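For reference, the structure is listed below as structure tokens.
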Amino acid sequence: MALGLRCFRWVQPGFCNSLSVLTKPVSEVRLRNTSVTWNDGQQCGAYLTVPIRHFATKKAKAKGKGHPQPRVNINASLVEDIICLEEVNVEMKSVVEALKDSFNKNLNIRTSPGSLDHITVTTGDGKFALNQIGQISLKSPQLILVNMTNFPECTAAAIKAIRESGMNLNPEVDGTVIRVPIPIVTREHREMLVKLAKQNTNKAKDVLRKVRTNAMNKLKKSKDTVAEDTIKLIEKQIGQMADDTVAEMDKHLALKTKELLG
């Protein structure tokens, strides 16, 4: 029993020290020797405090979460034999330009004759812009006229296109002339336009996702001939380009929303 107690007294400091270092906020503890003195005055035994590895706690992980990742900037000419990043970039930018064009033509507080120009009319002979088959003019500040004299057979299709344009328009027929009353600007009308702007933005993001997916699929075809690290780097570049494009869309949406709500 006495021998057992002596051994425990000798081991205890090292065991306690090992427990204590586990709680220290450092990744390495210096090596040091420690001697033990028994009750009879004899000194014997020694132990080392060794370096230990501390794993990240949930709190530490949460602290680093949300920090911006380092950006990638690949020279497009160096990987053009794998994928043309310039073409991918042009495709993504064209999606943004199409969205801006839609905002300018279709989502305005005051409806003008020009806002009807590019409404697409589907006929038996194909699809045409409204201004190609009808003469659009402003009769008064509250009324737009569309003269369908040259293509009277397209009148019904033109009315349908105007009504479904998403501009809150209710056209009326007067022979071969379509009368389009300009809606009064109300809070509800403004909010409806904002809703349409969000819908247009979401559709544009769907198109962008297709561009990104097509680029990724094209990149996968080179996995057998290109180093894995290079593939991952290009994938990150494409993802970064898509994220930048989404941010640009959201910026234009925010500006348009502010304009519409006044």
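On a predicted model such as this, the values are computed, not experimentally measured, just so you know.
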Working to the nearest 0.5 angstrom, can you tell me the gap between [X] [atom1] and [Y] [atom2]?
X    : Y    : atom1 : atom2 : result
E191 : T186 : CD    : OG1   : 8.5 Å
T155 : K160 : OG1   : NZ    : 15.0 Å
L107 : M192 : CG    : CE    : 8.5 Å
T201 : L196 : OG1   : CG    : 10.5 Å
Q237 : I83  : CD    : CD1   : 10.5 Å
E164 : L169 : CD    : CG    : 12.0 Å

Test salt bridge (charged side-chain N to carboxylate O under 4.0 Å, His left out) on D244 and R71 and set out the steps.
CA-CA 11 Å; D244 291 345; R71 291 181 64 84; 2.8 Å; yes

Atom of [X], atom of [Y] and distance for their closest heavy-atom approach:
X    : Y    : answer
P181 : L143 : N-CD1, 3.8 Å
A242 : R212 : CB-CD, 3.8 Å
M148 : A158 : CE-CB, 4.0 Å
S140 : I182 : O-CD1, 4.4 Å
N200 : S102 : ND2-OG, 3.2 Å
A129 : D117 : CB-O, 3.6 Å

Does K256 form a side chain to side chain contact (heavy atoms under 4.5 Å, CB included) with H252? I'd like the steps, not just the answer.
CA-CA 6 Å; K256 194 63 181 180; H252 289 299; over 6 Å; no

Would you call D250 and K205 a salt bridge, using N to O less than 4.0 angstrom?
yes

Are D229 and K232 ion-paired here, with the side-chain N under 4.0 Å from a carboxylate O?
no

With no hydrogens and no angle check, just 3.5 Å: does a side-chain donor-acceptor pair link D125 and T123?
no

Report the C-alpha distance between I159 and R163 in whole Å, list the side-chain angles of each, state the deciding distance to 0.1 Å, and finish with yes or no for side chain to side chain contact (heavy atoms under 4.5 Å, CB included).
CA-CA 6 Å; I159 291 173; R163 186 173 287 120; 3.5 Å; yes

Which residue, [options], forms the side chain to side chain contact (heavy atoms under 4.5 Å, CB included) with [X]?
X    : options                : result
T257 : L253, L255, L260       : L253
E235 : I231, L233, I238       : I231
Q135 : L130, V177, N150, V146 : N150

Would you say the side-chain atoms of [X] pair up with the backbone N or O of [Y], donor to acceptor, closer than 3.5 Å?
X    : Y    : value
T213 : K210 : no
R179 : L145 : no
S222 : T225 : no

Verdict with supporting geometry, T120 and F128, side chain to side chain contact (heavy atoms under 4.5 Å, CB included)
CA-CA 6 Å; T120 302; F128 301 92; over 6 Å; no

Donor-acceptor pairs are to be reported for all side-chain atoms of residues 85-101 against protein atoms at under 3.5 Å, with residues two or more places apart or in another chain.
| unit_1 | atom_1 | unit_2 | atom_2 | d |
| --- | --- | --- | --- | --- |
| K93 | NZ | E248 | OE1 | 3.2 |
| S94 | OG | E91 | O | 2.5 |
| D101 | OD2 | K105 | NZ | 3.0 |

Less than 4.5 Å apart, any side-chain heavy atom of V121 and any of I133?
yes

Check against side chain to side chain contact (heavy atoms under 4.5 Å, CB included), N75 and E80
CA-CA 9 Å; N75 187 332; E80 60 183 3; over 6 Å; no

